[in-house]
Each structure stands twice: as structure tokens, then as C-alpha cells.
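A short write-up of the structure that comes next.
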Amino acid sequence: MNLVDIYRLMRNAHIQAQSIVDTIPEPLLVLDNHHCVESVSRSFYDTFQVAQDETLGRPIYDLGDGQWDIPDLRHLLENVITKSMAVIDYEVVHDPNIGRRTMLVSAHRLFQPDRSSQSMLVSIVDATLSRQREAESDMLVGELRHRIKNLLAMVQAMARQTVAEGRSGVEYRDDFLGRFKALVTAHDLAFGQPGEIGLRTLIEKTVAPYAAGEKKIIVEPGPAVTLAQVQIVPIGLILHELATNAVKHGALSAPEGQVRILWDVSKDSAPKLGLRWQERGGPPVTPPATAGFGTRLIDFVATRELGGRVELEYLPSGLSLEIVVPMP
């Protein structure tokens, strides 16, 4: 075998080795004992947008206008790798010219039979997307825990506050399940359906079970209002409480009774939604001696959950209530 054949074999072996390296999707570098770049995979060029002539033969810390001159990476290559044969998934957070990245860097000494190699193979896995997904997942799990906690607290409060004294078990059950059903309906509207929910849709779905006649509950035309997700459950509960009270004691308990629901949006620099509930034609209305659970629930939800206020009037013509809450 002459020198030409030997050169051809060596060249073919080099090409094959480089092809194998270039096939690997993760960026790879081979560094000498001075941490200068001896060889680079194609994926490194593509991922970090650097050219070959500004990469080979240069210290890794000088690449990309110094974007790899990272204290954590220096510690890895100059201290850790000298005491260990390999380091796996050393996390480095950095802001190179392609944007903020979370990278998992692994370094291995190149294997030689006499173990005298000072060169190392460095692989870099871009974990930015997976870390973002993990953070989003943690946030969603935390939100779900918070939401379930609030939901259970609301159910517990409804069970405790629903009046039991002097009533049959059936009456208590029907009262509690009515409020619970309203909570489930509002929660399903808020979190169980894709897209946005309009105020009119929420009103119509919530009061539909109480509209025994065609003209019993009139939902007046109003401006289009898209509700924030956090507003849907509270407003749904308020509407249910008002409708339940109207069926038991108010306008919906009388043949000629009627409820009108209307709303508008203020033109202030910080717009507010004004939602009004007006009853007419029901039994005579007198202010109660003490506020019942329904009244307390409405006040609590409007002020604490929605950050607004409640204006309640017991007029001779019927109950009139307005809630004013900030627009989302």
C-alpha cells in the first residue's frame, strides 16, 4: 500500500467520522487541552449561527463575540472535567445573540487506550422549550390547586350558610343543590368551554331554568361585554341567587311578576360594568330585619371577588339591585 492509498483511506475515514458527527442533532464540539475548538458538528453552526472560519482553532470562550465566556461553563471545563471523566447535563442559562437559552452541557474526555487524552467532547442540548413547558405546567398545576381550594371553600360556605333550622331535609337539600348547580354551571362556562364568554350568554344560561313564561324574565339589549374568566363564576352566582329569591319571594312567585335585566358600561377612563336586576309585579316588598345568606353572598361576591360594589333597594314596586364592577 503506497502513501496515496493510505491518504485515501485516512481521508475516507475522516469524512465518515465527520458525517457521523454531523448526523447527530445535538450541537457537538471537540476541544483540545487548551479548550480550543478542534472539530465542530454541523448542528452547532446551525443552532448558534456561527461560521466555520470564526470557530475552528479558537478558544470556546471567544466564539460568537464571547457569548460562551460564561463563568459556569468555565468552571465546568477548567475544574470539574479535570477531576471527572464526564459531566452530564450541566445546566447553563445564558443570553447569546440568538436570545435567552437554557442549555444542558455535557463534557466527556475522549477515550484513548492509555487514558492520556486531554481533549474532550462537549455536547449542548437546548432545553429552553422544555424548561418553559415545565414552568407553564407548574403554573397550571398551581392555578388548578388554587381553583379547587376556592371551589371547595365556596361549597363548604354554602353548606354551612344554607338555613337548616325549622326546615325539612328535602327543603335544605333543594336549596343547597340549587346553589351548587349554579356554581357548577358558572364554573363550566368559565373553565369548561373554549373561547370567550359574553355577559349576555352568561345571563341567559343562568336564568333560563327560572323563566317559566315567555315574558317572565326580560334580558334587555346592551353593549357587548366580554367577561374575564375570573368574573364568570361570581356573576353567575349572583344571578342565581337573585333568581332563586325571585321565585321564592319576589316577582317570579306571582303570575304577573316580571324581572328585567339590563346593563351598561361607563365611559370613564377606567370603565365599569353596571348590571341591574329589577323586579316588578310581585308581592309587596319590605326590607328584611336581618340580611339572609343570599344577600350576604351577593355582597361578598360583588365586593371581594369582583372588586366592585352592590346597591340594593327594596322599592314598593319590587326589588332593585345593581352591581358595579371594573371592566376586565
Side-chain angles (χ1 to χ4, degrees), residues 135-136 138-140 142-154 157-158 161 179 182-208 217-246 250 259-280 287 291-315 317-328:
E136 290 168 1
D138 290 342
M139 183 181 298
L140 288 174
E143 182 183 350
L144 181 60
R145 288 198 189 106
H146 179 70
R147 190 178 299 166
I148 291 175
K149 182 179 177 180
N150 287 347
L151 188 61
L152 293 176
M154 181 70 74
M158 288 192 302
Q161 296 293 335
R179 290 184 172 115
L183 181 64
V184 171
T185 300
H187 199 272
D188 186 55
L189 283 172
F191 306 111
Q193 301 182 21
E196 299 174 330
I197 298 295
L199 176 61
R200 186 178 190 89
T201 300
L202 175 63
I203 292 173
E204 291 175 344
K205 286 183 176 292
T206 304
V207 303
I217 300 180
I218 299 175
V219 182
E220 299 283 357
V225 174
T226 299
L227 296 173
Q229 196 176 60
V230 295
Q231 293 178 308
I232 296 173
V233 173
I235 292 177
L237 286 175
I238 289 173
L239 291 169
H240 163 77
E241 207 60 42
L242 291 169
T244 301
N245 182 75
V259 172
R260 293 176 68 244
I261 304 173
L262 56 160
W263 68 92
D264 57 19
V265 177
S266 69
K267 305 296 184 181
D268 305 335
S269 58
K272 292 182 174 59
L273 168 67
L275 176 63
R276 291 187 291 279
W277 175 282
Q278 297 176 347
E279 298 185 21
R280 297 292 184 271
F293 172 66
T295 304
R296 297 197 305 273
L297 176 65
I298 291 172
D299 183 71
F300 175 84
V301 170
T303 57
R304 297 289 293 276
E305 297 291 322
L306 295 171
R309 69 178 190 275
V310 179
E311 297 177 4
L312 180 62
E313 293 183 279
Y314 295 93
L315 303 175
S317 56
L319 177 72
S320 178
L321 178 140
E322 181 179 19
I323 62 169
V324 179
V325 299
M327 285 288 288

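Atom CG of Leu275 and atom CG of Leu239 lie 6.0 Å apart (nearest 0.5 Å). Taken from OG1 in Thr295 to CG in Leu319, the straight-line distance is 8.5 Å, to the nearest 0.5 Å. Considering CE of Met327 and CG of Leu227, their distance stands at 8.0 Å, rounded to 0.5 Å. Between the NZ atom in Lys272 and the CD1 atom in Ile323 there is a gap of 14.0 Å [rounded to 0.5 Å]. The structure places CG of Leu321 at 11.0 Å from CD1 of Ile261, a figure rounded to the nearest 0.5 Å.
Summarising the geometry of Pro271 relative to Val265, their closest heavy-atom pair is CB-CG1, 4.0 Å, with the distance given to 0.1 Å. For Val219 against Arg200, the heavy-atom pair with the smallest separation is O-NH2, 3.3 Å. What you find for Ala246 and Glu279 is that their closest heavy atoms are CB-OE2, 3.5 Å. The two atoms that bring Ala302 and Val325 nearest to each other are O-CG1, 4.5 Å, heavy atoms only. Considering all non-hydrogen atoms of both residues, Leu202 and Ile232 come closest at CD2-O, 3.7 Å. The nearest pair of heavy atoms linking Gln231 to Pro326 is NE2-O, 3.1 Å.
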**Prompt:** Could you walk me through whether Trp277 and Ile238 pass the side chain to side chain contact (heavy atoms under 4.5 Å, CB included) check?
**Reply:** CA-CA 10 Å; Trp277 175 282; Ile238 289 173; over 6 Å; no
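Side-chain atoms of Thr206 do not come within 3.5 Å of backbone N or O of Gly236 as any donor-acceptor pair. Distance alone, capped at 3.5 Å, places no donor-acceptor pair between the Thr201 side chain and the Ile197 backbone. In terms of modelled atom types and a separation under 3.5 Å, the side chain of Arg280 and the main chain of Arg260 share no donor-acceptor contact.
Residues forming a side-chain hydrogen bond (donor to acceptor under 3.5 Å, both in side chains) with Glu313 (at least two apart in sequence, or on another chain): none. Applying the salt bridge (Lys or Arg N to Asp or Glu O under 4.0 Å) rule to Arg276 yields the partners Asp264, Glu322; only residues at least two apart in sequence or on another chain are considered.
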